[in-house]
K.L.:
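One structure, pasted below without further comment.
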Number of protein chains: 2
Amino acid sequence: MLKRSFESCRLPKDVRSVNSTSSTRDRILGTAEKMFAQRGFDGASLRQLTSAAGVNLAAVNYHFGSKEKLVEEVFRRRLDALNANRLAALHKLAGGEATLEQVLAAYIRPALELSHDGSGALFMRVLARAFAEHDDSLRRFLSENYGHVMRQFTSEFARLLPHLGKSELYWRIDLVTGALTHAMSGFGMIQRKGDVTEQEHLEQTVQHLIRFAAAGLSHP
Amino acid sequence: MLKRSFESCRLPKDVRSVNSTSSTRDRILGTAEKMFAQRGFDGASLRQLTSAAGVNLAAVNYHFGSKEKLVEEVFRRRLDALNANRLAALHKLAGGEATLEQVLAAYIRPALELSHDGSGALFMRVLARAFAEHDDSLRRFLSENYGHVMRQFTSEFARLLPHLGKSELYWRIDLVTGALTHAMSGFGMIQRKGDVTEQEHLEQTVQHLIRFAAAGLSHP
DNA sequence: GTCTATAGTCAGATAGAC
DNA sequence: GTCTATCTGACTATAGAC
């Protein structure tokens, strides 16, 4: 079993130097994301991974130090962008006037947009896998690095749903997260039909999610 | 990586004979469930597993044939019971008079009751992992063996929610499944407090889930 | 049915040439 | 930075004694 720690802090900026053009590094990251989504963290071996990426086996240890660190980097790359986009979308909304649907869209839509970027869609599956792994160090990693995003959204929800107690609100947000993860990672039974594109399908998913979540959050 | 197939049909009744009292077999199944929940299917090795169960390494292959078959058996044992209970609960409701909450309870509560049985709670995590694995053969296995249960519940939901189109209804049920899986497997951020028992916590989860799902399903 | 012992494969990591 | 070659350890599965 692969034990992950997620304990290291962010790498200093200059590690990925100005123009090292290490396409090797990026190829590894991209391929790792794809293979982790398909086969899991334990299931995808470095040998399969480097072979698929067309790089040498030793390159992973050279660039990342270990398989474990590679996994962390796969997460960091996407989550930094995803959560920055969520915050930006939230802050763009007019302070005290945003509706519940708008706030939900600020939370959910960046996940959709991530899926527009080539292999980005696969990352949602990686994330869902990570949730299922139920790893404490992952929980800590998410909480330490991206907890402030959740907190800002939560306080917006609290403002929009003043009739809910704190505990009640947390429960509901948690259930929304479950529905979101499930839907965006595409494990549901709803399969994309042949006549809709991947993007249309995701757009529909977002629309359904927002209305479903709004109803689940705001009921009396 | 462990490739699972789920293609075999149910074993003939007499395989687990009237009183073979093979406690070895049961110990393996129970321990496997626990370790698959904790470490994943690939992460839990037969060596760790048999060692923890206090049985010999070779016993797994003797009783189940392979690790893959052991995984299938872990699923079958719980899902047979879980889905039978769901159907029984549904059929106990008065035909045309059941409310949405009652039907939802018939679906959700057996999952809670499974958790009462010692290691049964762990099975929900195994199931969540399996969902995240996104394996086609698992999808087929679930659909072939337990699809009729989903179909009966779906037709009840359709009766109770006549204003929804078929596609709309499927989307919403899918989102409910996501919330259910997420909540029952306990990966959410809501952690059980020290002063409530595991059972009270699960009971609260079920109550929140039912109301949340009812609101999400029935909104206009 | 249960054990030991081992075959055969594959994993992650690293040393050292270039 | 990238390579080959190799170390060390773990895995599943099975053969064969009891």
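Convention: sequence-line order gives letters A, B, ...; per-chain numbering from 1. Atoms considered below: every heavy atom in the structure, side chains included; atoms not considered: hydrogens, waters and symmetry mates.
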K.L.:
Could you state the CG-P distance from A:Leu46 to D:dC7, rounded to the nearest angstrom?
P.N.:
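Checked: the CG to P distance equals 20 Å.
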K.L.:
Taking NZ, NE, NH1 and NH2 as the nitrogens, is one of them in A:Glu203 or A:Arg109 under 4.0 Å from a carboxylate oxygen of the other?
P.N.:
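Looking at A:Glu203 and A:Arg109, the cut-off is met.
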K.L.:
Report yes if some heavy atom in the side chain of A:Leu209 is under 4.5 Å from a heavy atom in the side chain of A:Val176; otherwise report no.
P.N.:
no
K.L.:
Once you round it to whole Å, what is the distance between C1' of D:dA13 and CG of B:Leu57?
P.N.:
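Distance check: B:Leu57 CG to D:dA13 C1' gives 8 Å.
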K.L.:
Between B:Ile28 (CD1) and C:dC3 (P), how many Å, whole number?
P.N.:
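Spelled out: CD1 on B:Ile28 to P on C:dC3 is 10 Å.
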K.L.:
Looking only at the side chain of A:His63 (C-beta and beyond, no hydrogens), which of the listed nucleotides D:dA13, D:dT2, C:dT2 gets closest?
P.N.:
D:dT2
K.L.:
Is the phosphate of D:dG1, meaning OP1 or OP2, less than 4.0 Å from a side-chain N or O of A:Thr24?
P.N.:
no
K.L.:
Separation of A:Arg39 atom CZ from C:dC10 atom P, in whole Å?
P.N.:
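Taking atom P of C:dC10 as the reference, CZ of A:Arg39 is at 13 Å.
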K.L.:
To the nearest Å, how far apart are A:Glu68 CD and C:dA11 P?
P.N.:
18 Å
K.L.:
Ignoring backbone atoms, test whether A:Ser45 places a side-chain nitrogen or oxygen under 4.0 Å from the OP1 or OP2 oxygen of C:dA11.
P.N.:
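For C:dA11, OP1 or OP2 has a side-chain N or O of A:Ser45 closer than 4.0 Å.
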K.L.:
Using OP1 and OP2 only, check whether a side-chain N or O of B:Asn56 sits under 4.0 Å from C:dT4.
P.N.:
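The answer is yes; a side-chain N or O of B:Asn56 sits under 4.0 Å from OP1 or OP2.
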K.L.:
What distance do A:Phe123 atom CZ and A:Arg78 atom CZ have between them, rounded to the nearest 0.5 Å?
P.N.:
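If I round to the nearest 0.5 Å, the distance is 7.5 Å.
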K.L.:
Thinking salt bridges, do B:Lys69 and B:Glu73 make one under a 4.0 Å N-O criterion?
P.N.:
no
K.L.:
Any Lys/Arg nitrogen of A:Glu133 or A:Arg129 sitting under 4.0 Å from an Asp/Glu carboxylate oxygen of the other?
P.N.:
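Judged by the 4.0 Å cut-off on N to carboxylate O distance, A:Glu133 and A:Arg129 do not form a salt bridge.
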K.L.:
On DNA chain D, compare the nucleotides closest to A:Val55 and A:Arg47; which residue's is nearer the 5' end?
P.N.:
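On the 5' side of the pair lies A:Val55.
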K.L.:
Distance check needed: C:dT2 P versus B:Asn61 CG, whole Å only.
P.N.:
14 Å
K.L.:
Nearest-Å distance, CZ (A:Phe64) to C1' (C:dT14)?
P.N.:
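That distance rounds to 18 Å.
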K.L.:
In this structure, how many angstroms lie between the C1' atom of C:dA13 and the CG atom of A:Leu49, rounded?
P.N.:
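Spelled out: CG on A:Leu49 to C1' on C:dA13 is 15 Å.
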K.L.:
Just to be sure I understand the rule, does B:Ala58 reach a base, reach only the sugar-phosphate, or reach nothing, if contact means heavy atoms closer than 4.0 Å?
P.N.:
base
